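The block underneath contains the structure these notes are about, expressed in structure tokens.
Predicted, not measured: the structure shown is a model, and the values here were computed from it. Whatever order the structure lists them in is the order used to number ligands and atoms, beginning at 1.
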Amino acid sequence: MRVTMIGTGYVGLVSGACFADFGHEVVCVDKDASKIETLNEGGIPIYEPGLDLLVERNVREGRLSFTLDLEEAVRTADAVFIAVGTPSRRGDGYADLSYVHAAAKEVAEVMDGYTVVVNKSTVPVGTGDDVERIIAETRPDAEFAVVSNPEFLREGAAIEDFKRPDRVVVGTDDERARAVMRELYRPLYLNETPILFTARRTSELIKYAANAFLAMKITFINEIADLCEKVGANVQEVARGVGLDNRIGGKFLHAGPGYGGSCFPKDTLALTRTAQDAGTPLRLIETTVQVNDSRKKAMADKVIEACGGDVSGKQVAVLGVTFKPNTDDMRDAPSLEIIPALQAAGAKIRAFDPAGTVEAEKLLDNVDFVSGPYICADGADVLVIITEWNEFRALDLKRLKETMKAPILVDLRNIYNPDEAKAAGLTYTSVGRP
Ligand code: NAD
């Protein structure tokens, strides 16, 4: 099948490369000329493990290409995916649908013959109806169907998630479109991936409900962690004891500095707006958003407290600034709140991140980015782990103690064992553990 991706970001590029790997002929389109140029020169504009090899192979075998020319790419496509950003609209938390609407119009202007337009962007209920209306108004003669096919991949494990998803959700009541979608995802039938066909609005809501539930689960264990600290319990053991219950499950029960990233913050907020407008407020999700927002500041306070109540003039070393490991994505990363709060309290910040420095430097002022964890810790008054990159999991704690000015380790991801840290001579603070 001939597939066109509109938007070659984290989702469009991974989905495009994976569809090509399934054997389809894929053209990825973007408006960002530097992105397309990088890709056409053999580079990858984002950090995602394994993506370089996947892209290289599929380009070499002639199934994957990149272009700025939307018209050429859309005209011949069987399916056109819209995978553009849907960020929070500044000020009110609604999803900003301007990129989706613009893409729909651009596609409508040039499509030729029956085309399935697939919304892969995360969009509020009813956006498929908007896209359908825009296309019909722009091209009253067009033969098309609009399908919702939300994406559930996680950055950092995106290829595996796309190729071995827990499920694929397809929202449409158009039989012809359903056949096209079935054909596109046919390789997944082999490994018996559940493909859930629903109405379009239901599909749109499934994506938001899934993200809201996961955000709520993280926030739940974070609040339990706070309680653990007050009553002398261990949140990791509580999470294990709770998560072994099959009705609950152990995933997304890791206490930490609060969720961030390109999806949960904006999607939880957008869902609360949809629900308020529908007259059925989602109080659990509204509270989740509030609790998570206040948590970032609380994490800065935790660092300050670990330093005896004052970080003024102190050198704070930060390990990990991306919102999670194995990505360079800095969108809504907890570090973007924790670091400025520490700076406001007078701290000087030095940081190391294995892949996020370039993006982080655009968003954080007055941070001295260095090239490794031990250089980062050198002479520091406190070392703070914000993101749990694998390479931070087995640091030589004795070496850290020797290199630091004061041996204080604040581990916001609970990757170290408190006894081990203590044995190395460090004063250790973590989340929800004695
Ligand atoms: P992104 O910002 O990385 O990429 C979006 C791309 O679309 C950009 O490169 C932009 O230049 C391009 N673009 C915008 N308008 C265009 C147009 N008219 N024509 C061509 N290109 C255009 O965004 P992303 O992280 O890939 O997210 C895309 C969507 O997928 C969002 O709705 C997001 O919520 C959803 N999603 C993201 C993830 C994730 O982990 N990032 C996971 C699941 C779903």
Point to revise | Mutual orientation of the aromatic rings belonging to Phe252 and Phe264 [parallel < 30°, tilted 30-60°, perpendicular > 60°] | key: tilted
Review point. Taking both backbone and side-chain atoms of Val11, is any N or O found less than 3.5 Å from an N or O belonging to ligand 1?
Key: yes
Practice item. State whether the shortest distance between N or O atoms of Lys266 and N or O atoms of ligand 1 falls below 3.5 angstrom. Key: yes
Practice item. State the atoms of ligand 1, each with its element, that fall below the 4.0 Å cut-off from a heavy-atom position in Ala83. Key: 5 (C), 28 (C)
**Study point:** ligand 1 N/O within reach of Thr86 N/O, cut-off under 3.5 Å
**Key:** yes
Review point. How far apart are the C-alpha atoms of Ser262 and Glu155, what are their side-chain angles, what is the distance that settles it, and do they pass the side chain to side chain donor-acceptor pair (under 3.5 Å) test?
Key: CA-CA 9 Å; Ser262 57; Glu155 286 174 20; 3.2 Å; yes
Check your understanding: Considering only protein heavy atoms, which is closest to atom 7 (O) of ligand 1, and at what distance to one decimal place?
Key -> Gly7 CA, 3.3 Å
**Study point:** Any N/O pair Lys120/ligand 1 closer than 3.5 Å
**Key:** no
Revision key, fill the gap. Nearest non-hydrogen protein atom to atom 17 (C) of ligand 1, with distance, is Lys31 CG, 3.7 Å
Check your understanding: How would you list all residue pairs meeting ring-ring contact (aromatic ring centres under 6.0 Å, His included) that involve residues 62-104, not counting sequence neighbours?
Key -> Phe19-Phe81
Check your understanding: Going by heavy atoms in the side chains, are Tyr208 and Val125 under 4.5 Å from each other?
Key -> no
Exercise for review: Look only at interatomic distance and state if Thr8 has a nitrogen or oxygen under 3.5 Å from any nitrogen or oxygen of ligand 1.
Suggested key: no
Exercise for review: Using a strict 4.0 Å cut-off to heavy atoms of Lys207, name the atoms of ligand 1 that fall inside it.
Suggested key: 43 (C)
Review point. Below 3.5 angstrom, do we get any N/O pair linking Lys35 and ligand 1?
Key: yes
Study note, to complete from the structure: Nearest non-hydrogen contact to atom 4 (O) of ligand 1 from the set Gly12, Ser34, Gly9, Ser98 belongs to Gly9
Check your understanding: For Phe197, is the NZ or CZ atom of Arg182 found under 6.0 angstrom from the centre of its six-membered ring and inside 45 degrees of the ring axis?
Key -> yes
**Study point:** Atoms of ligand 1, numbered as shown, that sit under 4.0 Å from any heavy atom of Glu155
**Key:** 39 (C), 40 (O), 41 (N)
Exercise for review: Have a look at Val84, Thr327, Ile36 and point out the one with the heavy atom closest to atom 15 (N) of ligand 1.
Suggested key: Val84
Exercise for review: For Glu151, take its heavy atoms, then give the atoms of ligand 1 lying under 4.0 Å from any of them.
Suggested key: 43 (C), 44 (C)
**Study point:** NZ/NE/NH1/NH2 to OD/OE distance under 4.0 Å, Asp174 and Arg176
**Key:** no
Point to revise | N or O contact, Tyr99 vs ligand 1, cut-off under 3.5 Å | key: no
Revision key, fill the gap. Here the atoms of ligand 1 under 4.0 Å from any heavy atom belonging to Gly85 are 5 (C)
Point to revise | Heavy-atom proximity to atom 11 (O) of ligand 1, best of Ile46, Asp30, Asp267 | key: Asp30
Review point. Looking only at N/O atoms, are Thr122 and ligand 1 under 3.5 Å apart anywhere?
Key: yes
